[in-house]
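Treat the numbers as computed from the prediction; the structure is a model and nothing was measured.
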Amino acid sequence: YSIHSPFLYAAVKAKKKYKNIHLCCICPDLPEFMNLQMKQSFVHKALKTIDQRFINKLLENVNSFVFLTKFMADKIDIRNKKWIVIEGIVNSHDKYPNTIFKNEQNKNKVVFYAGTLNKLYGIEKLLESFVILKDKEVELWICGNGEAENEVRQYSTQYPNIKYFGQVSREEVKEYSQKANFLINPRNDSGEFTKYSFPSKIIDYMYSGIPTIVFKLLGIPDEYFDYLYKIEGNQPKDIAYAIENLLLKSTEELKAFGARAKKFVSENKNEVVQTKKIIELVSYESED
């Protein structure tokens, strides 16, 4: 699991020692797109270049690959080896409180975001969208931490419709999500890295049964967009426009949409379905 040189080195050593071993590398991230928010010194970049060459050499011994997006296969020298895409897995044992759309007593409407507060992932544009939102009764609830935490705190102090709850437990995230009208992922398609990433929270969001709002990222397979509300454009005004339009929909329509999304990931992205793909990949390669 992971294109990380120490792990790959150990796996390759084991393969050479015990011979009849199939190495399947699961690749959730490409090395060159890890820790993008960090400022990298010249020395760090030089060492990363050396590490990348070492990794490329080790990957020659890998038999098959599991990628997060199909574009990863273009960045790695797979040499005609078999590969599949598994963008995420639903934990079917994970339960959400049965409170979906029971927030009618709350006079405000709620859009909820939980995750890393990094500028690279669009948190600033999300905050700005709620400043220009015409309907000031719509609230933005945020949980998480990261480099933009100070900005989030400042916005929550200045604007009453933006509420920041800090870093909370997964159970608390689930409780907040069930009180929301919409869940949102503000990551837009700015930056090459979006081709090689699938925001894992999207599957969690869909599994919650609450309608989810996203930008159309290249790393998200097309089949998902029948079950997600899309933001057209990548500016704060586009986020605000999407939210205002969705709030015109009836509770019944939104509830049905969320239920369809939950059914889709529950049936097609659960641990049995997704793991079976890996087993078939490894078994097929072993027969060769």
Side-chain angles (χ1 to χ4, degrees), residues 36-37 39 101 103-168 172-191 193-194 197 199-202 204-206 208 210-217 219-220 225 228-251 253-254 257-258:
L36 290 176
Q37 66 274 17
K39 293 183 179 180
F101 287 94
N103 61 334
E104 289 85 353
Q105 293 180 350
N106 181 354
K107 67 180 180 68
N108 292 328
K109 307 122 193 176
V110 176
V111 178
F112 179 62
Y113 170 75
T116 305
L117 306 182
N118 279 350
K119 298 174 184 178
L120 194 64
Y121 297 160
I123 189 65
E124 286 185 313
K125 289 184 178 180
L126 178 59
L127 292 166
E128 290 168 17
S129 72
F130 273 77
V131 174
I132 63 177
L133 203 64
K134 295 177 182 177
D135 188 346
K136 297 305 179 185
E137 288 189 338
V138 185
E139 294 184 353
L140 173 62
W141 293 2
I142 299 176
C143 294
N145 61 11
E147 60 165 348
E149 184 174 333
N150 287 337
E151 285 88 341
V152 174
R153 290 187 185 278
Q154 289 170 8
Y155 271 87
S156 66
T157 300
Q158 188 173 357
Y159 301 99
N161 63 329
I162 299 176
K163 301 184 184 299
Y164 177 51
F165 300 101
Q167 180 76 359
V168 301
E172 288 175 291
V173 167
K174 287 158 65 174
E175 290 175 7
Y176 282 125
S177 71
Q178 294 293 287
K179 296 176 183 176
N181 298 75
F182 303 101
L183 308 179
I184 192 165
N185 181 56
R187 186 184 303 185
N188 59 46
D189 61 358
S190 299
F193 79 96
T194 58
S197 66
S200 59
K201 67 171 55 64
I202 287 178
D204 288 337
Y205 279 0
M206 294 172 71
S208 74
I210 303 296
T212 298
I213 307 171
V214 301
F215 287 96
K216 195 175 191 311
L217 303 179
I220 303 176
F225 290 105
L228 296 167
Y229 288 123
K230 296 184 289 294
I231 301 167
E232 303 295 340
N234 62 2
Q235 297 303 316
K237 65 180 179 61
D238 301 314
I239 301 175
Y241 182 76
I243 292 171
E244 288 169 347
N245 278 335
L246 290 174
L247 285 169
L248 298 175
K249 296 181 180 293
S250 68
T251 298
E253 182 179 352
L254 293 173
F257 189 87

Original post:
Lys230: what forms a side-chain contact (heavy atoms from CB on, under 4.5 Å) with it, not counting sequence neighbours?
Top reply: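 If we apply the side-chain contact (heavy atoms from CB on, under 4.5 Å) test to Lys230, skipping adjacent residues, the hits are Lys216, Phe225, Glu232.
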Side chain to side chain, [X] and [Y], heavy atoms closer than 4.5 Å:
X: Pro199; Y: Leu217; value: yes
X: Val168; Y: Val173; value: yes
X: Gln178; Y: Ile210; value: yes
X: Lys249; Y: Pro211; value: no

Distance from [X] atom [atom1] to [Y] atom [atom2], nearest 0.5 Å?
X: Lys237; Y: Ser129; atom1: NZ; atom2: OG; result: 12.0 Å
X: Asn245; Y: Ile231; atom1: CG; atom2: CD1; result: 11.5 Å
X: Arg187; Y: Ile202; atom1: CZ; atom2: CD1; result: 8.0 Å
X: Lys163; Y: Ile142; atom1: NZ; atom2: CD1; result: 11.5 Å
X: Phe215; Y: Asn234; atom1: CZ; atom2: CG; result: 6.0 Å
X: Phe130; Y: Lys125; atom1: CZ; atom2: NZ; result: 16.0 Å

Original post:
Step by step, would you call Ile184 with Ile239 a side-chain contact (heavy atoms from CB on, under 4.5 Å)?
Top reply: CA-CA 10 Å; Ile184 192 165; Ile239 301 175; 3.9 Å; yes
Original post:
Should we count OH of Tyr164 as having more than 12 external heavy atoms under 6.0 Å?
Top reply: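 Yes, the 6.0 Å shell around OH holds more than 12 heavy atoms from other groups.
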Does any N or O in the side chain of [X] come within less than 3.5 Å of the main-chain N or O of [Y], such that one atom is a donor and the other an acceptor?
X: Asn181; Y: Val110; value: yes
X: Asp238; Y: Gln235; value: yes
X: Thr116; Y: Asn118; value: no
X: Lys136; Y: Val131; value: yes

**OP:** Tell me, please, which residues at least two apart from Glu151 pass side chain to side chain donor-acceptor pair (under 3.5 Å).
**Re:**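 Only Lys119 meet the side chain to side chain donor-acceptor pair (under 3.5 Å) criterion with Glu151.
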Original post:
Do Arg153 and Glu149 sit within salt-bridge range, that is, some charged N less than 4.0 Å from a carboxylate O?
Top reply: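 Yes, this pair counts.
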**OP:** Kindly indicate, with the supporting measurements, whether the criterion side-chain contact (heavy atoms from CB on, under 4.5 Å) is fulfilled by Leu127 and Leu140.
**Re:** CA-CA 8 Å; Leu127 292 166; Leu140 173 62; 4.2 Å; yes
Original post:
In a check of side chain to side chain contact (heavy atoms under 4.5 Å, CB included) between Leu183 and each of Tyr205, Tyr176, Tyr113, Trp141, which one passes?
Top reply: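 Exactly one option meets the side chain to side chain contact (heavy atoms under 4.5 Å, CB included) with Leu183, and it is Tyr205.
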Subject >> Evaluation steps, side-chain contact (heavy atoms from CB on, under 4.5 Å), between Tyr121 and Asn185 >> reply: CA-CA 9 Å; Tyr121 297 160; Asn185 181 56; over 6 Å; no
Subject >> Which atom of Ala114 lies closest to which atom of Lys201, heavy atoms considered >> reply: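 Heavy atoms of Ala114 and Lys201 come nearest at O-CE, 2.8 Å.
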Original post:
In terms of ring plane angle, is the pair Phe257 and Tyr229 parallel, tilted or perpendicular, where the classes change at 30° and 60°?
Top reply: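 The arrangement is parallel - the two ring planes meet at less than 30°.
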